[in-house]
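Note: hydrogens, waters and symmetry copies are ignored here, and every other heavy atom, side chains too, is used. In this chain, residues are counted from 1 in sequence order.
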Amino acid sequence: MALAEIYNKALDLLSRREHSRKELYLKLTKRFESKENINLTLDKLEENNLLSDSRFAEEYVLARRRKGFGPIKISMELQNKGVNKSLIFNEIQGFDDWVDLARKSFKKKFPNGPSNDLKELQKQKNFLANKGFSFNEIESVLE
C-alpha cells in the first residue's frame, strides 16, 4: 500500500514540473517514513523515464537563463539540487552566448550603460557577479 501511495505522490509532483532525484526524495521524505520505499519508487520512476536529472537540468538552465542568470549561479543551484557535475557542465557548455545574456541583463538594469563613477561601476560589476556571470563575461560587458 505504501509503495503505491509514494508512487502516486511522486507522479503528482512530477506532473507539475520536472524535479531532480534529490528534490523529489526530500519532498517525499517529508510525507513518508520509509526511505527504502522512496528509493525504490524513485528507481522505478527513473526506469520508466518519468524522473530524469538530465531533463531537469536542461529545463532548469533554460528557465534560469530566461531570467537573466549566468552560468556560475545556475551551476551552483543545480549542484544544490543534487544534479551530477558532468550533467551540469554539459548543459552549461551547450550555450556559447553567455556574454550576450550578461549584456542583456546589464542593459535591462542599467540602460545608460557602464558608469564613469568608480563606486557606481563597482555596483554594476557586483550586480553581474551576483547574477552568476564570470569575471571575463563581466569585463566583456563593461568594455
Side-chain angles (χ1 to χ4, degrees), residues 1-115 119-143:
M1 178 63 183
L3 264 175
E5 202 176 331
I6 294 170
Y7 191 82
N8 288 336
K9 183 60 186 173
L11 282 178
D12 178 48
L13 291 168
L14 286 170
S15 71
R16 299 164 203 256
R17 71 168 176 86
E18 291 287 343
H19 287 72
S20 69
R21 182 181 175 108
K22 179 181 175 183
E23 267 187 321
L24 199 53
Y25 177 82
L26 292 173
K27 285 184 179 184
L28 292 173
T29 55
K30 289 178 183 173
R31 289 182 171 264
F32 304 100
E33 289 183 21
S34 174
K35 290 179 168 60
E36 184 181 330
N37 284 346
I38 291 171
N39 279 317
L40 287 171
T41 299
L42 296 178
D43 291 343
K44 186 175 179 184
L45 289 167
E46 284 178 333
E47 285 171 26
N48 295 330
N49 201 26
L50 296 171
L51 175 65
S52 166
D53 277 359
S54 175
R55 198 170 51 236
F56 169 75
E58 182 181 343
E59 285 192 16
Y60 192 86
V61 169
L62 289 172
R64 297 304 276 167
R65 279 178 52 86
R66 275 193 298 274
K67 292 190 176 196
F69 289 99
I72 296 170
K73 185 170 185 88
I74 295 171
S75 294
M76 290 181 66
E77 290 172 349
L78 282 170
Q79 283 180 31
N80 289 338
K81 292 181 180 296
V83 177
N84 181 308
K85 286 183 181 183
S86 64
L87 276 178
I88 296 170
F89 180 80
N90 290 339
E91 287 303 321
I92 296 294
Q93 294 305 310
F95 297 95
D96 59 358
D97 62 343
W98 291 107
V99 172
D100 294 336
L101 184 60
R103 267 193 200 98
K104 283 181 190 171
S105 292
F106 183 81
K107 278 195 192 281
K108 186 175 179 183
K109 176 82 172 173
F110 304 103
N112 296 331
S115 177
K119 200 171 186 180
E120 185 61 28
L121 184 63
Q122 189 57 49
K123 283 182 184 176
Q124 292 175 335
K125 287 181 179 182
N126 287 342
F127 167 77
L128 288 173
N130 289 335
K131 284 287 233 177
F133 293 101
S134 70
F135 176 79
N136 291 337
E137 291 158 351
I138 294 169
E139 289 302 311
S140 294
V141 169
L142 299 175
E143 283 178 348

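Asn8 places a side-chain N or O within donor-acceptor distance of the main-chain N or O of Ala4, the cut-off being under 3.5 Å. Glu23 places no side-chain N or O within 3.5 Å of a backbone atom of Gly82 that could act as its donor or acceptor partner. Looking at Arg64, its side chain never comes within 3.5 Å of a backbone N or O of Ser75 through a donor-acceptor pair. With hydrogens and angles disregarded, a donor-acceptor distance shorter than 3.5 Å links the side chain of Thr29 to the backbone of Leu26. Remark: side-chain polar atoms of Asn84 are paired, donor with acceptor, to backbone N or O of Ser86 under 3.5 angstrom. With hydrogens and angles ignored, the 3.5 Å screen pairs no side-chain donor or acceptor of Glu91 with any backbone N or O of Val61.
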Phe56/Leu78 under side chain to side chain contact (heavy atoms under 4.5 Å, CB included): CA gap, chis, key distance, verdict = CA-CA 9 Å; Phe56 169 75; Leu78 282 170; 3.7 Å; yes

Pair Lys109-Leu128, side chain to side chain contact (heavy atoms under 4.5 Å, CB included): steps then yes or no = CA-CA 10 Å; Lys109 176 82 172 173; Leu128 288 173; over 6 Å; no

List the steps, then state whether side chain to side chain contact (heavy atoms under 4.5 Å, CB included) holds for Lys73 with Met76.
-> CA-CA 5 Å; Lys73 185 170 185 88; Met76 290 181 66; 5.9 Å; no

Worked verdict on Asn136 versus Val99 for side chain to side chain contact (heavy atoms under 4.5 Å, CB included) | CA-CA 9 Å; Asn136 291 337; Val99 172; over 6 Å; no

So Asp12 and Arg16, salt bridge (Lys or Arg N to Asp or Glu O under 4.0 Å) or not? Walk me through it.
-> CA-CA 7 Å; Asp12 178 48; Arg16 299 164 203 256; 2.8 Å; yes

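The CH2 atom of Trp98 lies 9.5 Å from the CD atom of Gln93; values are rounded to the nearest 0.5 Å. Annotation: the span from Ser54 atom OG to Glu46 atom CD amounts to 11.5 Å, rounded to 0.5 Å. To the nearest 0.5 Å, atoms NZ (Lys35) and CG (Leu40) are separated by 14.0 Å. Taken from CZ in Arg103 to CG in Leu142, the straight-line distance is 10.0 Å, to the nearest 0.5 Å. Atom OG of Ser34 is separated from atom CG of Leu28 by 11.0 Å, given to the nearest 0.5 angstrom. The distance from atom NZ of Lys107 to atom CG of Asn112, rounded to the nearest 0.5 Å, is 10.5 Å.
Two residues are said to be in side-chain contact when any heavy atoms from C-beta on lie closer than 4.5 Å; Tyr60 and Ser20 fail this criterion. At a threshold of 4.5 Å between non-hydrogen side-chain atoms, the residues Ile88 and Ile74 do not count as touching. The shortest side-chain heavy-atom distance between Ile138 and Phe106 does not fall under the 4.5 Å cut-off.
Of all the heavy atoms in Lys22 and Lys81, the pair that sits closest is CB-O, 3.3 Å. Minimum heavy-atom separation, Ala102 to Val141: CB-CG2, 3.6 Å. For Thr41 against Tyr7, the heavy-atom pair with the smallest separation is CG2-CA, 3.6 Å. Heavy-atom minimum distance, Leu101 versus Gly68: CD1-CA, 4.2 Å. Heavy atoms only, all atoms of each residue included: Ser134 and Glu137 are closest at N-OE1, 2.8 Å. The two residues Asp53 and His19 come nearest to each other via the heavy atoms OD1-O, 4.5 Å.
By the neighbour-count criterion of 12 heavy atoms within 6.0 Å, atom CZ of Arg31 is sparsely surrounded, having that number or fewer from other residues, nucleotides or ligands. Residue Phe95 places its CZ atom among more than 12 non-hydrogen atoms of other residues, nucleotides or ligands, all under 6.0 Å distant. Crowding of Lys44 atom NZ: a count of heavy atoms from other residues, nucleotides or ligands under 6.0 Å not exceeding 12.
Taking 4.0 Å as the cut-off between side-chain N and carboxylate O, Arg65 and Asp97 count as a salt-bridged pair.
With sequence neighbours left out, Phe127 forms a ring pair (Phe, Tyr, Trp, His ring centres under 6.0 Å) with Phe110.
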